[in-house]
Protein chains: 2
Amino acid sequence: MRIGELADRAGASPRLLRYYEEQGLLKPGRSANGYREYDEALVERVRQIRSLLDSGLSTRTIREVLPCLTSGQYHVRGATPETLAALEHEHRQLAERVECLSRSRDAVAAYLRAVHELRETPVPAGAC
Amino acid sequence: MRIGELADRAGASPRLLRYYEEQGLLKPGRSANGYREYDEALVERVRQIRSLLDSGLSTRTIREVLPCLTSGQYHVRGATPETLAALEHEHRQLAERVECLSRSRDAVAAYLRAVHELRETPVPAGAC
DNA sequence: TCGAACCCTGACATCAATGTGAAGGTCAAG
DNA sequence: CTTGACCTTCACATTGATGTCAGGGTTCGA
């Protein structure tokens, strides 16, 4: 498919898809007239990229972890020690983010629960 | 304490603390000479802000969820319906981020495990 | 009293992720 | 064959989180 269709289906703009390509996240083929040509599987991939960006990962980080995220066979043999070290590092960072965000999510949930409970319990006279 | 000390202890620059204040995340007092005056408890708060920013939340979002994150009593009574709706929304977003990041974390972990296992199993002759 | 080490405000710089627009090629339908 | 909806590249604008610098006040110890 061409860039416009992928953009529509994956919830991104054509501009962004070109940007992701520039950042090494996507490598579409080209058809005879120079148009980029994407295949079906990329719509999921683009959604995943967008999720990760939304979660605060940089394109550089995503470039590093994306190969491990495309389920199926791992290209394990090509991994240099530097890449592996980088990945160990990214893994720790991801774990930390998950921890931090989970705590925040739970705190917000607790707050909302407290509000809802109070809503059902009428305000005692003279309460602040 | 003054801005420099808080900056040191919380791992931020004075510039950033002023920025957080501008964004409504911090409201230090002022001493007679105009210097900002922060109290002890803010070092944890600033650390938390930095964590959340690192996790991809915006200062705007943090401004919304921070009141629920400061453990202790909730200022439940002051919550307007709009605030509550915003919080419900933020809660969903947080949950989504946690999901997405957890998946990525697990995928990276699985990849690393696969690499380590392969490292112990010698490459079969003729393997790619 | 002078200098170092703080603090203040305000402005401009930077980086990454995006948007937007110009100038032009391709293609299908009328 | 023209028009409209695509596509291309290139370049400049914007937003959010930061850094940095300039011009100027405060405080404290030598």
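Excluded from the calculations below are hydrogen atoms, water molecules and symmetry mates; all remaining heavy atoms, backbone and side chain alike, are included. Chain naming here is simple, since letters A, B, ... match the order of the sequence lines and numbering starts at 1 in each.
- Annotation: side chain of B:Thr59 is in contact with side chain of B:Tyr19 (closest heavy-atom distance under 4.5 Å).
- For the pair A:Tyr111/A:Asp106, no side-chain contact is recorded, criterion being any heavy-atom separation below 4.5 Å from C-beta on.
- Contact annotation: A:Arg36 does not reach the phosphate of C:dT26 (side-chain N/O to OP1 or OP2, under 4.0 Å).
- The outermost nucleotides of DNA chain D lying under 4.0 Å from heavy atoms of chain A, listed 5' to 3', are D:dC6 to D:dA11.
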Apply side chain to side chain contact (heavy atoms under 4.5 Å, CB included) to the pair A:Leu87 and B:Val115, showing each step before the final yes or no.
-> CA-CA 11 Å; A:Leu87 280 180; B:Val115 171; over 6 Å; no
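- Between the axis at the start and the axis at the end of the helix from C:dT1-D:dA30 to C:dG30-D:dC1 there is an angle of 10°, using five pairs per end and rounding to 10 degrees.
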Nucleotide N/O to protein N/O under 3.5 Å, stretch nucleotides 22-25 of chain C:
{"residue": "C:dG25", "atom": "N2", "partner": "A:Tyr35", "partner atom": "OH", "Å": "2.8"}

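- With B:His116 contributing its side chain and B:Leu112 its backbone, the two residues share a donor-acceptor pair below 3.5 Å.
- A salt bridge is absent between B:Arg45 and B:Glu40: the closest approach of a Lys/Arg side-chain nitrogen to an acidic carboxylate oxygen does not fall below 4.0 angstrom.
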Would you check, one step at a time, whether the test side chain to side chain donor-acceptor pair (under 3.5 Å) holds for B:Tyr20 with B:Arg50?
-> CA-CA 10 Å; B:Tyr20 298 159; B:Arg50 304 215 35 74; 2.3 Å; yes
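- A:Leu66 and A:Leu25 get closest at one heavy-atom pair: CD2-O, 4.0 Å.
- Near DNA chain D, meaning a heavy atom under 4.0 Å from it, residues 2-12 of chain B has no residue at all.
- Each of C:dC8, C:dG19, C:dC27 was ranked by its minimum atom distance to the side chain of A:Asn33; first place goes to C:dC27.
- By the 4.0 Å N-to-carboxylate-O rule, B:Glu44 lies close enough to B:Arg47 to be salt-bridged with it.
- Taking a cutoff of 4.0 Å between a charged side-chain nitrogen and a carboxylate oxygen, B:Glu22 and B:Arg18 do not qualify as a salt bridge.
- When all heavy atoms are compared, the tightest approach of A:Leu17 to A:Ala7 is CD1-N, 3.6 Å.
- Summarising the geometry, the separation between CE on B:Met1 and C1' on C:dC6 is reported as 16 Å, rounded to the nearest angstrom.
- Under the 3.5 Å distance criterion, the side-chain polar atoms of B:Glu37 are matched with a main-chain donor or acceptor of B:Met1.
- Residue-to-nucleotide proximity on DNA chain D shows that, of B:Ser13 and A:Arg30, the 5′-proximal contact is made by A:Arg30.
- B:Arg36 and B:Glu21 are joined by a salt bridge, as a carboxylate oxygen and a charged side-chain nitrogen come within less than 4.0 angstrom of each other.
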When you check every protein heavy atom under 4.0 Å of nucleotides 12-17 of chain C, what one-letter string (B, S, -) results, 5' to 3'?
-> ----SB
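- A salt bridge is defined here as a Lys NZ or Arg NE, NH1 or NH2 lying under 4.0 Å from an Asp or Glu carboxylate O, and A:Glu88 with A:Arg92 fails to meet this definition.
- Contacts of A:Glu96 classified as side chain to side chain contact (heavy atoms under 4.5 Å, CB included), with partners at least two apart in sequence or in another chain: none.
- For the pair A:Thr61 (side chain) and A:Leu57 (backbone), a donor-acceptor distance under 3.5 Å is absent.
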